[in-house]
Amino acid sequence: MLSKLSRLHFLSGVALVAGLGACATGSQSLEANSAASAEWPQIASPHSTDPETEQRIAAIVSGMSLRQKIGQMTQADIRSVTPEQVREHYLGSVLNGGGAWPGGNKRSTAGDWVALSRSFYDASMSTDMPVKVPIIWGTDAVHGHNNVFGATQFPHNIGLGAAHDPELVGRIAHLTAKQVRATGITWVFAPTLAVVQNPRWGRTYEGYSSDPELVRSYAKSFVTSMQGDLVGPDTTIASAKHFIGDGGTWLGKDQGETRASRDELIRTHAPGYFGALETGVQNVMISYSGWTDTGAGVAHGKMHGNRELITDVLKGKLGFDGFVVSDWNAIEQVDGCTRTHCPQAINAGIDMVMVPDDWKKFIDETVADVEAGTIPMSRIDDAVTRILRVKFRIGLMEHAPFLDASAEQDLASDLVRATAREAVAKSLVLLKNGPASPLPLQRDAKILLVGEAADKVTAQMGGWSLTWQGDETDDSDYPIADDMLSAVTKALGDGGSVDVSKDARGVDLSRYDAVIMVMAEAPYAEMKGDIVYPATLRHTSRYPDQLDTLARVYGKGVPVVSVLFSGRPVYANDLMNLSDAFIAAWLPGTEARGITDVLFEGTSGRPRRAFTGRLPFAWPGVPCPETANQPELFSRGFGLDTTKRGDSRPLPIDNRLSCPALAD
Ligand code: GLC
């Protein structure tokens with residue numbers, strides 16, 4: 001069936017089966033007879049509603065004008081709104097989209113962020129409303145506080161998935177909350193809970209794994225640690241995103257159509273939300289994607305207009321009582337909508353609308369909808385109630401969220417850097433360790449580093465790194481970081497040395513004990529990272545120079561260790577054939593010493609850390625997995641360590657330039 005062809009079968013495990021009416025708790029798993037159809041479980045959040053607070057909320061809402069209510073439901077980007085406009089239009093929220101910084105300054109300090117946040121806060125507290133409602137600022141801190149100059153950036157989620165370590169993910173979430181609070185912000189648009197089905201998707205790296213159960217365990221740990229008791233100075237609210245099925249679109253097309261039965265939606269794409277909801281996540285962000293129920297043969301259209309899933313399921317059956325936010329201008333994709341006018345989305349259950357630039361027109365048009373009866377006032381009151389409920393829960397209604405200047409050290413503290421370094425080490429997956437592999441490397445080794453990424457921190461970062469695409473940056477934008485050259489330099493001891501030759505031309509290799517080839521995908525985010533069918537998954541089709549460089553050093557009597565920075569599994573048989581050892585290092589962020597902690601022996605005579613990473617997704621052995629009988633070279637869960645040599649026979653090479661035509 002087409003939906004089988006259109007998906008790369010990353011699911012090698014048994015899918016989770018939700019029990020009929022099972023009430024999920026933290027410990028109870030949703031097991032049931034897999035033959036029975038899956039059902040949405042009833043989930044109890046640990047943050048119950050407080051009757052007295054609910055009465056206060058009702059009183060506030062009843063005292064608000066319609067325009068004040070719609071203003072509270074509006075989220076604008078900091079590049080398109082001033083504090084004065086926040087006051088004048090009663091805005092409930094702002095965000096900084098990727099590449100938005102205070103004053104448009106990429107190198108803004110934490111103090112600059114706090115100052116801007118305070119100006120928005122003060123403006124929201126100086127409206128003419130009878131009861132002032134403070135603004136809440138949301139940010140994409142998706143691998144640490146990645147928008148902020150000088151902040152340590154953790155590995156992207158795909159690397160954390162390879163670590164298979166929920167406790168580590170919890171520590172990272174807590175440290176990220178501290179980084180974010182140091183800048184005066186109290187809402188993080190994370191975790192992404194996509195269960196990615198096809199690595200063509202430009203957001204594969206924002207997903208943890210294709211294993212729904214791993215995603216669920218990470219969701220629980222992340223939300224618990226990031227939100228804490230909701231009121232502490234080291235907590236922010238989290239956003240479970242993007243509800244639902246964002247990782248299952250046909251051919252991995254970003255914002256595309258997820259073709260799945262209802263059972264698949266529950267068993268494959270929902271477990272992360274079960275984990276987030278059972279630990280009390282306070283926000284859910286809706287997915288750009290659409291859903292076609294392949295079981296019932298019904299095309300439901302875009303998620304942002306799906307009342308059944310947002311209201312009846314998420315808020316009803318699953319019991320979510322926080323607030324739902326739309327994605328960036330996503331309402332415009334709903335049939336009949338524009339980015340400033342979409343009663344369908346609000347009636348479907350969206351409570352806050354991310355309308356970054358045209359927020360004034362949105363307010364005017366939505367006010368008109370309510371006045372015309374297109375949107376019932378009860379829906380508006382419910383949306384505002386939910387937003388206020390969360391603002392009360394996190395203490396924002398009682399006091400400003402700002403910390404003293406000493407919190408700035410949380411951006412790149414020793415603990416933050418050490419934790420990021422640990423995560424990098426645990427994320428590495430050893431895919432090849434051939435007979436001539438030199439791992440672990442000695443401290444007195446003479447090392448040649450080759451490849452464009454050999455001394456580039458920016459090659460380690462991926463998208464969502466200071467800018468939306470992770471581009472338009474250079475290493476000076478990461479003053480507190482280690483690239484591979486500095487990491488290797490610090491790993492070497494007496495007698496050791498390291499040279500760099502980006503293209504390995506004209507080098508006398510006999511001077512070296514080993515070569516480390518460092519390869520990378522250019523950074524990307526969202527749709528800009530899609531590998532659009534019929535393009536193949538072959539890495540060297542996009543980066544032929546990396547194959548050329550590797551060919552200059554391999555088989556010349558000096559062992560070659562290849563390290564690949566990528567946001568997804570790729571077809572790399574040709575690169576592995578020219579490597580004695582091959583490591584998937586994903587997108588490690590600022591702490592490359594986590595890599596050398598595993599590659600090199602330490603002063604103890606053993607590496608600081610062993611290879612423990614395991615593939616979070618299957619690794620393709622063909623360039624066009626969708627049309628292959630055996631798409632996988634390595635199954636999810638595969639990973640060697642230096643005690644195992646693995647199979648190092650030459651792999652088949654397929655250099656086709658495009659994949660076969662597929663019916664739509
Ligand atoms: C983007 C992403 C979403 C992000 C939001 C705000 O388009 O889809 O993940 O949180 O906009 O930047």
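Note that ligands are numbered from 1 as they come in the structure, with each ligand's atoms numbered from 1 the same way.
- Residue K241 approaches ligand 1 through these ligand atoms, each under 4.0 Å from one of its heavy atoms: 3 (C), 4 (C), 9 (O), 10 (O).
- Judged by distance alone, the side chains of S326 and R339 never bring a donor and an acceptor atom under 3.5 Å apart.
- Against a heavy-atom cut-off of under 4.0 Å, H242 is close to the following atoms of ligand 1: 3 (C), 8 (O), 9 (O).
- No side-chain heavy atom of I158 sits under 4.5 Å from any side-chain heavy atom of Y208.
- Nearest protein heavy-atom contact of atom 6 (C) of ligand 1 is D140 OD2, 3.2 Å.
- Defined by atom type and a distance below 3.5 Å, a donor-acceptor pair is present between the side-chain atoms of N147 and T139.
- If you look at T192 next to ligand 1, there are no close heavy atoms at all, none under 4.0 Å.
- Among protein heavy atoms, atom 5 (C) of ligand 1 sits closest to D327 OD1, 3.2 Å.
- Less than 4.0 angstrom separates some heavy atom of R203 from each of these atoms of ligand 1: 2 (C), 3 (C), 8 (O), 9 (O).
- Between W137 and F120, the ring-plane angle classifies as perpendicular under the 30° and 60° cut-offs.
- Short contacts between ligand 1 and E526, defined as distances under 4.0 Å to a heavy atom of the residue, involve ligand atoms 1 (C), 2 (C), 7 (O), 8 (O).
- Near L95, meaning under 4.0 Å from any of its heavy atoms, are these atoms of ligand 1: 6 (C).
- When only interatomic distances are considered, the shortest N/O to N/O separation between W328 and ligand 1 does not fall below 3.5 Å.
- Contacts between E206 and ligand 1, counted as non-hydrogen atom pairs separated by less than 4.0 Å, are absent for every part of the residue.
- More than 12 heavy-atom neighbours from other residues, nucleotides or ligands sit within 6.0 angstrom of CD on E88.
- Ionic pairing of R259 and D664 is present here: one or more N-O contacts between side-chain nitrogen and carboxylate oxygen are shorter than 4.0 angstrom.
- For W464 and H156, the gap between ring centers reaches or exceeds 6.0 Å.
- A heavy-atom separation below 4.0 Å is found between Y288 and ligand 1.
- No cation-pi contact links R389 to F323, judged by a cut-off of 6.0 Å to the six-membered ring centre and 45° from its axis.
- The residue from V180, T186, D229, L230 that alone fulfils the side chain to side chain contact (heavy atoms under 4.5 Å, CB included) condition with T235 is D229.
- If you number the atoms of ligand 1 from 1 as listed, the ones under 4.0 Å from a heavy atom of M285 come out as 3 (C), 10 (O).
- At a heavy-atom cutoff of 4.0 Å, ligand 1 is contacted by the side chain of W464 but not by its backbone.
- Annotation for ligand 1: atoms under 4.0 Å from non-hydrogen atoms of F189 are 10 (O).
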